[in-house]
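Working notes, structure below.
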Amino acid sequence: MELWIRSQSKETFEQVKSISYYYHDKHTILGNSFCILGKYQTKDRCLEIIDEIQKLLLSANPKEAF
């Protein structure tokens, strides 16, 4: 999978191998090496963003998305 994501802060643009949800002081989406891609008010919002990324990958490369 080749996925490039720009962080919510616009300060990072990186190729990511995976993304994940994490909570410490805020609901956060992490990329490679724990790079913060975005922070959100709720866990549900984080999961919505991850769902959107998954849908984009499935529509672009359905055989490579999983």
Sidechain-backbone polar pair: Glu14 side chain, Arg6 backbone, donor-acceptor under 3.5 Å: no

Inter-residue atom distance Leu56.CG - Asp51.CG, 0.5 Å rounding: 11.0 Å

Neighbour count >12 (heavy atoms, 6.0 Å) for atom CD, Glu52: yes

Contacts of type side-chain contact (heavy atoms from CB on, under 4.5 Å), residue Lys43, not counting sequence neighbours: Tyr21, His27, Leu47

Spacing of CD1 belonging to Ile5 relative to CG belonging to Leu3, to within rounding of 0.5 Å: 4.0 Å

Ser9: partners by side-chain contact (heavy atoms from CB on, under 4.5 Å), with sequence neighbours left out: Ser7, Glu11

Pairing residues for Glu48 by the side-chain hydrogen bond (donor to acceptor under 3.5 Å, both in side chains) criterion, not counting sequence neighbours: Arg45

Shortest non-hydrogen contact from Lys39 toward Lys26: CD-CD, 4.1 Å

Other ILVMFWY residues reachable from Phe34 by side-chain steps of under 4.5 Å: Tyr22, Leu30, Ile36

Non-hydrogen side-chain atoms of Ile29 and Ser20 separated by less than 4.5 Å: no

From Thr28 atom OG1 to Ile19 atom CD1, the distance as rounded to the nearest 0.5 Å: 13.0 Å

Distance (rounded to the nearest 0.5 Å) between Leu37 CG and Ile53 CD1: 7.5 Å

